[in-house]
> 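This is the structure, below, for whatever I ask next.
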Amino acid sequence: MVDVSHIFDGLNDAQRDAVALEPGPALIIAGAGSGKTRVLTSRIAWLVEGLSISPLSILAVTFTNKAAREMQHRIEEMLGVPVGGMWMGTFHGLAHRLLRHHYDEAGLPKDFQIIDNDDQLRLIKRALKELALDEAYWPAKQIQWFINAHKEEGRRAAQVSQSPDLQQQTLLGVYQQYEKLCRRFGLVDFSELLLRAFELVRNNEVLRQRYQQRFEHILVDEFQDTNSIQYEWLRLLAAQHKNLFVVGDDDQSIYGWRGAKVENILQFEKDFPNTRTVRLEQNYRSTGNILAAANAIIKRNSGRLGKKLWTDDGDGDPVNLYNAYNETDEARFVIDRIRDWVNKGGERAQTAILYRSNAQSRVFEEILLDAAMPYRVYGGLRFFERAEIKDALAYLRLANSRVNDVAFERIVNTPTRGIGNTTLDKVREHAQAQQISLWEATGQVLAQKSFAARAHSALDAFVELIEELSLQITDQNLPTQIGIMLDVSTLLEHHKKDRGERAQARAENLEELVSAARNFSVEDEELGPLDSFLAHAALEAGEGQAEEWEDCVQLMSLHSAKGLEFDMVFLTGLEEGLFPHQRSIDEPGRLEEERRLCYVGMTRAMKHLYLSHAEVRRLYGRENHTRPSRFLDEIPEEMLNVIRAARPSPRSNSYSNSSSNYSQKKSNAPAALADTLPGFGVGKSVAHPKFGEGVIMNIEGQGDYARVQVNFSSAGAKWLVAAYANLSVV
DNA sequence: GTTGTGCGCTTTTTT
DNA sequence: AGCGCACAAC
């Protein structure tokens, strides 16, 4: 018998129960910070080592590439060997793998290509054009949403129920047209990956049985984020062995707005009647006070599965609440706290500034820049989403598959080579009339010699260029291919000769693409290196910046903070209309999702949690007076340490001026306090006309806004504004 | 075909 | 306020 005790070492009882559950359907309700990933990886280790299940028979699914990598890494660490052959990855990645293996059965061309949201939008715009619909009345974005929502519910255009509503009919028409275009150009969008993979398994009996048999054990992370099609796919694959081990937390479901169904958790127990449920409720992350405050918030939600996190740790600091005058004051407060933290030896990377919407990062960035404090903002444009990178890849895509109209449209005049809209419209018209690709149409139109000489030669040169590129890259290795493409397309040259800062950055990105190719290892044996790289670029957009390991303050939206933890967390902008967001306030379901978001944010904090709101916030160029978020009312007062703003907000001044001003004032704080409150200090005994005698426990702020916490012998602890409290030294 | 101007929009994000 | 996009002028 292999010794498997190392798998269980250091796990608590509930975690052990979960890891060692008998095969069969299992639902693990894993609270924030309860060791979810650890349970998941230990479970896989247990299957392999304890039950001698072959890694080949295991399917493990996550939502993000990052989570997949992390899981892979941890399992290999635990088992001490690479887990080759195990199907582990994101839903989309696995669906892609399936479709590459069985493209024929799935009704796809061998060289089908994945398009991202951006490409999808372009294609929808084209469909709109072909149907002669005005984009002003039919916003492409909305149609994109419409199409994806249907696909993620498993409905193709033909399966959407007919509606007497004219608008619905039009939307459906665009959906149909879009499907046609995808089919014609061999393109697959993200939801299509899921839908197609689902249909493949559902409709093809041979394959279904094969995979049902193969995947003896299926494990799913972040189950609360699965949408309908993902769940159906899992159900289908698990139908034979029924060993579906899902881990999730209904309280952390924050993606309902993009189709995730928390209800899948409830549905799971119905679909698999003998499901064993394990709750992981011991939190190893946050202090008692932080947890208590988070629990107080989340308990307001209805229809929860019911779970109460607890911790063995001490109470720790109270949760701090700062009422700022405006967003600048809020930012200064936050950065001052971080500075204190760093001065006391804390790491910047262990501090996170969280916000509801990305626009809020701006003020923090300005103040951080001013304070010369390194920071990193998450959630910008990612590497493979940058326009210049997408241009470059489009050259390769077109060289690879001439029918790819999305790639064609993207680069036919990028960089500009004298092919204008008039010329292109003729090509487009011809393509549509003949139902052929733009590439083919170009050839035919050129053969007709119907263009003016200038347009003709420009178009001809483009065709030559792509042919030349295609020729030159055959039998080259991937980085060389990229290099040739940058050269032949003149893309790099084009950006390099522009001296502007942005253009320089673009040129650098293009050069970075060569290194990305050099570091790339082929993920799918089925594909050649170039195809594999192109699929990788679509499926994994890559991090925003090159990995910087500098010790940085972390700035991100609440959504991107899920799954992370920090010593010190600032949850900012807690104002009605901002958080909860205006668009979620009227609908109870959406409001509850906002509340979960708040819960997620709070439970990111390990030791220190600061909540803040601004009384005035400038948003979209307008100043708004705000009300504190209702979520703040939901935290019992005694759990909060309320800090008032130190002084009224400076009206104007540049940031640098007012900032240095501020820090000066701050360093003078003890003097200011002494001015206002001579003889006062922590530990001093004071008397209050109403509450009697007590001892000063704490002092916050300076000058007129200073507040003191006095523990009165009769009335207990109170926070008082020093200027008005009429205290006297005893 | 490129460059400039004005208008409208503005939650969250992964694949 | 700031950005992207569409249309109009050069």
Side-chain angles (χ1 to χ4, degrees), chain A residues 61-68 89-96 114-122 125 134-136 139-142 145 148 151-152 188-195 197 222 225-227 229-230 253-260 327 354-363 366 378-382 384-385 387 413-424 452 454-455 458 535-544 556-563 573 577-585 590 593-594 596-598 600-601 617-624:
Chain A
V61 198
T62 61
F63 271 83
T64 64
N65 291 301
K66 198 173 152 206
T90 63
F91 277 102
H92 294 83
L94 294 167
H96 176 235
I114 303 167
I115 53 171
D116 66 9
N117 289 329
D118 194 61
D119 298 331
Q120 185 184 36
L121 199 66
R122 284 163 199 270
K125 284 182 180 170
D134 187 352
E135 259 197 68
K141 272 250 159 63
Q142 270 175 41
W145 189 86
N148 288 335
K151 283 195 182 186
E152 279 164 20
V188 171
D189 63 46
F190 288 134
S191 2
E192 182 73 24
L193 282 171
L194 301 176
L195 179 55
E222 305 277 16
D225 290 337
T226 48
N227 63 29
I229 198 85
Q230 288 162 336
S253 152
I254 54 175
Y255 287 108
W257 54 274
R258 64 169 200 216
E327 71 276 4
L354 309 182
Y355 33 76
R356 176 67 237 266
S357 66
N358 285 314
Q360 287 168 254
S361 75
R362 196 186 199 99
V363 188
E366 279 167 351
Y378 288 77
L381 255 199
R382 271 111 38 96
F384 287 112
E385 288 169 356
N413 201 31
T414 314
T416 49
R417 51 173 68 85
I419 303 172
N421 240 324
T422 343
T423 312
L424 277 178
R454 190 188 275 193
H536 168 84
L539 281 172
E540 183 165 2
E543 281 298 305
M556 67 191 82
S557 72
L558 285 159
H559 284 87
S560 10
K562 190 164 81 154
L578 188 61
F579 188 29
H581 196 272
Q582 194 59 47
R583 295 173 114 121
S584 304
I585 277 177
R590 291 179 150 226
E593 184 153 309
E594 296 280 312
R596 291 193 290 269
L597 198 51
C598 185
V600 166
R617 182 174 296 272
R618 182 169 272 280
L619 200 62
Y620 305 136
R622 279 228 321 266
E623 287 215 324
N624 303 295

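Convention: sequence-line order gives letters A, B, ...; per-chain numbering from 1. It should be emphasised that the depicted structure is a prediction, and the values quoted were computed from it without experimental measurement.
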> Is there a side-chain contact (heavy atoms from CB on, under 4.5 Å) between Gln360(A) and Leu578(A)? Walk through the geometry before answering.
CA-CA 10 Å; Gln360(A) 287 168 254; Leu578(A) 188 61; 3.7 Å; yes
> Rounded to whole angstroms, how far apart are CG on Leu195(A) and C1' on dT15(B)?
15 Å
> Arg622(A) CZ to dC9(B) C1': how many Å, rounded?
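Checked: the CZ to C1' distance equals 14 Å.
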> More 5' along DNA chain B: Asn421(A) or Leu539(A), using each one's nearest nucleotide?
Asn421(A)
> Tabulate atom names and distances for all N/O pairs under 3.5 angstrom spanning the protein and nucleotides 2-4 of chain B.
{"from": "dT2(B)", "atom 1": "OP1", "to": "Thr416(A)", "atom 2": "OG1", "distance (Å)": "2.6"}

> Under 4.0 Å between a side-chain nitrogen and a carboxylate oxygen: does that hold for Arg362(A) and Glu327(A)?
no
> How close or far is atom P of dA1(C) from atom CD of Glu623(A), stated in whole angstroms?
11 Å
> For nucleotides 11-14 of chain B, tabulate all protein N/O to nucleotide N/O atom pairs closer than 3.5 Å, reporting atom names and distance.
{"from": "dT11(B)", "atom 1": "OP1", "to": "Arg583(A)", "atom 2": "NH1", "distance (Å)": "2.9"}
{"from": "dT11(B)", "atom 1": "OP2", "to": "Arg583(A)", "atom 2": "NH1", "distance (Å)": "2.8"}
{"from": "dT11(B)", "atom 1": "O4'", "to": "His581(A)", "atom 2": "NE2", "distance (Å)": "3.2"}
{"from": "dT11(B)", "atom 1": "O2", "to": "Arg356(A)", "atom 2": "NH1", "distance (Å)": "2.9"}
{"from": "dT11(B)", "atom 1": "O2", "to": "Arg356(A)", "atom 2": "NH2", "distance (Å)": "2.2"}
{"from": "dT11(B)", "atom 1": "O4", "to": "Arg590(A)", "atom 2": "NH1", "distance (Å)": "3.2"}
{"from": "dT12(B)", "atom 1": "OP1", "to": "Asn358(A)", "atom 2": "N", "distance (Å)": "2.7"}
{"from": "dT12(B)", "atom 1": "OP1", "to": "Asn358(A)", "atom 2": "ND2", "distance (Å)": "3.4"}
{"from": "dT12(B)", "atom 1": "O4'", "to": "Arg356(A)", "atom 2": "NH2", "distance (Å)": "3.2"}
{"from": "dT12(B)", "atom 1": "O3'", "to": "Ser557(A)", "atom 2": "OG", "distance (Å)": "3.4"}
{"from": "dT12(B)", "atom 1": "O2", "to": "Trp257(A)", "atom 2": "NE1", "distance (Å)": "3.4"}
{"from": "dT12(B)", "atom 1": "O2", "to": "Arg356(A)", "atom 2": "NH2", "distance (Å)": "2.4"}
{"from": "dT13(B)", "atom 1": "OP1", "to": "Ser557(A)", "atom 2": "OG", "distance (Å)": "2.3"}
{"from": "dT13(B)", "atom 1": "OP1", "to": "Ser560(A)", "atom 2": "OG", "distance (Å)": "3.4"}
{"from": "dT13(B)", "atom 1": "OP2", "to": "Asn358(A)", "atom 2": "ND2", "distance (Å)": "2.9"}
{"from": "dT13(B)", "atom 1": "O2", "to": "Arg258(A)", "atom 2": "NH1", "distance (Å)": "3.1"}
{"from": "dT14(B)", "atom 1": "O4", "to": "Asn117(A)", "atom 2": "ND2", "distance (Å)": "3.4"}

> I'd like to know if Glu594(A) pairs up with Arg356(A) as an ion pair, taking the criterion as any Lys NZ or Arg NE/NH1/NH2 lying under 4.0 Å from an Asp or Glu carboxylate oxygen.
yes
> Between Asn117(A) and Glu385(A), is a side-chain hydrogen bond (donor to acceptor under 3.5 Å, both in side chains) present by the stated rule, with each step listed?
CA-CA 10 Å; Asn117(A) 289 329; Glu385(A) 288 169 356; over 6 Å; no
> Compare all side-chain heavy atoms of Glu593(A) with those of Ser584(A) and state whether any distance is below 4.5 angstrom.
no
> Within the supplied structure, the quantity of interest is the number of heavy atoms (other residues, nucleotides, ligands) at a distance under 6.0 Å from Arg454(A) CZ; does it exceed 12?
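No, CZ of Arg454(A) has 12 or fewer neighbouring heavy atoms, counting only those of other groups under 6.0 Å.
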> Hey, are Glu192(A) and Lys151(A) close enough for a salt bridge, meaning a charged N less than 4.0 Å from a carboxylate O?
yes
> Are a donor atom and an acceptor atom from the side chains of Gln230(A) and Asp225(A) found within less than 3.5 Å of each other?
no
> Take the protein atom CD of Glu135(A) and the nucleotide atom C1' of dC9(B), then report the distance between them rounded to whole Å.
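Spelled out: CD on Glu135(A) to C1' on dC9(B) is 15 Å.
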> Base, sugar-phosphate or nothing for Asp225(A)? Non-hydrogen atoms, less than 4.0 Å.
nothing
> Fit a plane to each ring of Phe190(A) and His92(A), take the angle between them on a 0 to 90° scale, and name the class: parallel (under 30°), tilted (30 to 60°) or perpendicular (over 60°).
perpendicular
> Atom CD of Glu327(A) to atom C1' of dA1(C): distance rounded to whole Å?
12 Å
> Select base, sugar-phosphate, or nothing to describe what Arg362(A) touches, counting heavy atoms under 4.0 Å on all strands.
sugar-phosphate
